[in-house]
Amino acid sequence: MKDPLAVRRRLDAVDYLADDGMAMAIFLALKLGKPLLLEGEPGVGKTAAGKALARALDTTLIRLQCYEGLTAGEALYEWNYQRQLLAIRLAEARHATLTDADLFSAEFLQERPILRAIRHEGPVPPVLLIDEIDRADDEFEALLFEFLGEAGITIPELGTFAATTPPVVVLTSNRSRDLHDALRRRCLYHWIDFPEPGRAAEIVRRAVPGAAEPLIRTATEFIGDVRALELDKAPGMAEAIDWVAALSVLGAADIAAGDVLRTIGTIAKTPDDRAAVAAALGAHQESPG
């Protein structure tokens, strides 16, 4: 991808609409070989961006879903203890002795997402999506510093594994907690805003191609208005797409239809939010035009 415009075009071809800021961030990440940290509210397309980038590059997507308690053994690598135990028993049956070097060799190494990305073979490097890094513990972030800075990891028993061609790394965060400065320093950064109405409508249009045009327009406008309310969880693009898809299944032509109220569970995810969204919907349906 020779410039940010080419990035936008390639992403557009896989139905991901990137704005100028996102296109520039991805272009620089690719050209500089730097990890890209994407932040924004839930549902604005951070994870979708990583997936779309893999499709646009026509390469393998390796996804690491983060969560509290995530360990190196689940993210970087792990030893196959069952095979090691079997090897020990076979050696004992043959009256042989195995050394630590015999047991902690590449033969018994199990790849997890990060090591798999480092050792990936192919003409195009993979896209490694480290999703919702803010859900992992602070200690896990420290495990990533070497990889993010040097595209390699050190395994004490075997040495350092470095990528021949560094993977394209995309990290996402919902800002549920602050990330360490050392992690941010190793990454390029882009904040994804909720899209403006016209772009939001185009995103929904592509995600739900069978939906009526008036439904797409009125639903995305309403979502934009609802986001201005004081909600526990403001609906994002993911919820907007789900809502329009549900309404489309019901044959609704716009959000003035009678069944609309029964579908707001797709955009309101708490009792208080449901009441607030229902009131806003009622006011919208009663308003002229």
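Keep in mind that what you see is a predicted model, and the values were worked out from it rather than measured. Values below: every heavy atom of this structure, side chains too, minus hydrogens, waters and symmetry copies.
- Between Arg199 and Glu196, no side-chain nitrogen of the basic residue sits less than 4.0 Å from a carboxylate oxygen of the acidic one, so the salt-bridge criterion is not met.
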Legend entry - Val204/Ile216 under side-chain contact (heavy atoms from CB on, under 4.5 Å): CA gap, chis, key distance, verdict: CA-CA 7 Å; Val204 173; Ile216 293 173; 4.2 Å; yes

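- Judged by distance alone, with hydrogens and angles left aside, the side-chain atoms of Asp19 form a donor-acceptor pair with the main-chain N or O of Gly21 at under 3.5 Å.
- Listed here is the closest heavy atom pair of Ala212 and Ala253: CB-O, 4.0 Å.
- Contact between Ala278 and Leu261 at its shortest, heavy atoms only, is CB-CD1, 3.7 Å.
- Looking only at atom types and distance, the side chain of Glu239 has no donor-acceptor partner in the side chain of Thr266 under 3.5 Å away.
- Smallest separation of non-hydrogen atoms from Leu61 and Ala54: CB-CB, 3.8 Å.
- Using modelled atom types and a 3.5 Å distance limit, the side chains of Gln110 and Tyr77 yield no donor-acceptor pair.
- The residues Arg206 and Asp12 are annotated as salt-bridged, a charged nitrogen and a carboxylate oxygen being separated by less than 4.0 angstrom.
- Going from atom CD1 of Ile153 over to atom CG of Leu143 covers 10.0 Å, rounded to the nearest 0.5 Å.
- Interatomic distance, CG of Leu64 versus CZ of Arg116, reported as 9.5 Å (0.5 Å rounding).
- Between the side chain of Asp131 and the main chain of Leu171, no donor-acceptor pair closer than 3.5 Å is present.
- Residue Leu229 is grouped with residue Phe194 when hydrophobic side chains (ILVMFWY) are merged at heavy-atom distances under 4.5 angstrom, including chains of intermediate members.
- Using modelled atom types, no side-chain atom of Arg55 and backbone atom of Ala13 make a donor-acceptor pair closer than 3.5 Å.
- Although no hydrogens or angles enter the test, the distance criterion places no donor-acceptor pair under 3.5 Å between the side chain of Asp254 and the main chain of Leu215.
- Atom CG of Leu76 sits about 9.0 Å away from atom OG1 of Thr71, to the nearest 0.5 Å.
- Closest approach of Pro167 to Pro125, counting heavy atoms only: CA-CB, 4.0 Å.
- Checked for salt-bridge contact, Glu74 and Arg112 miss the test: no charged N lies under 4.0 Å from a carboxylate O.
- Using a cut-off of 4.0 Å between Lys/Arg side-chain N and Asp/Glu carboxylate O, Glu41 and Arg227 are scored as salt-bridged.
- Contact detail for Ala18 and Leu11: the closest heavy-atom pair is CB-CD1, 3.8 Å.
- Checked by atom type and distance alone, the side chain of Lys46 pairs as donor or acceptor with a backbone atom of Gly40 at under 3.5 Å.
- Leu32 is connected to Leu53 through a chain of hydrophobic side-chain contacts under 4.5 Å among Ile, Leu, Val, Met, Phe, Trp and Tyr, so both are in one cluster.
- The main-chain N or O of Ala56 is found under 3.5 Å from a side-chain atom of Arg10 such that the two form a donor-acceptor pair.
- Taken to the nearest 0.5 Å, the CG atom of Asn174 stands 7.5 Å off from the OG1 atom of Thr47.
- In this structure, the side chain of Glu150 does not engage the main chain of Ala162 through any donor-acceptor pair within 3.5 Å.
- Residue Pro235 comes nearest to Leu231 through the heavy atom pair CD-CD1, 3.8 Å, listed as atom of the first residue, atom of the second, then distance.
- A continuous path of Ile, Leu, Val, Met, Phe, Trp and Tyr side chains, each step under 4.5 Å between heavy atoms, connects Leu158 with Ile118, placing both in one hydrophobic cluster.
- Put simply, the side chain of Asp137 never gets that close to the backbone of Phe140: no donor and acceptor are under 3.5 Å apart.
- Side chain of Tyr16 to main chain of Gly50: no donor-acceptor pair is present (N/O by atom type, distance under 3.5 Å, no hydrogens or angles).
- Arg175 and Asp134 are not joined by a salt bridge, as no carboxylate oxygen comes within less than 4.0 angstrom of a charged side-chain nitrogen.
- A salt bridge is defined here as a Lys NZ or Arg NE, NH1 or NH2 lying under 4.0 Å from an Asp or Glu carboxylate O, and Glu39 with Arg184 meets this definition.
- Ion pairing between a basic and an acidic side chain is recognised when a charged N comes within 4.0 Å of a carboxylate O; Glu141 and Arg177 show such pairing.
- For the pair Thr172 (side chain) and Glu132 (backbone), a donor-acceptor distance under 3.5 Å is present.
- Ion pairing between Arg8 and Asp20 holds under the 4.0 Å rule for side-chain N and carboxylate O.
- Annotation: side chain of Thr59 is not in contact with side chain of Val168 (no heavy-atom distance under 4.5 Å).
- Linking Ile, Leu, Val, Met, Phe, Trp and Tyr residues whenever their side-chain heavy atoms come within less than 4.5 Å leaves Leu250 and Ile223 in two separate clusters.
- Phe145 is connected to Leu37 through a chain of hydrophobic side-chain contacts under 4.5 Å among Ile, Leu, Val, Met, Phe, Trp and Tyr, so both are in one cluster.
- Here CG of Leu183 is found 10.5 Å from CG of Asp138. Values are rounded to the nearest 0.5 Å.
- Separating the CD1 atom in Ile241 from the OG atom in Ser248 is a distance of 13.0 Å, to the nearest 0.5 Å.
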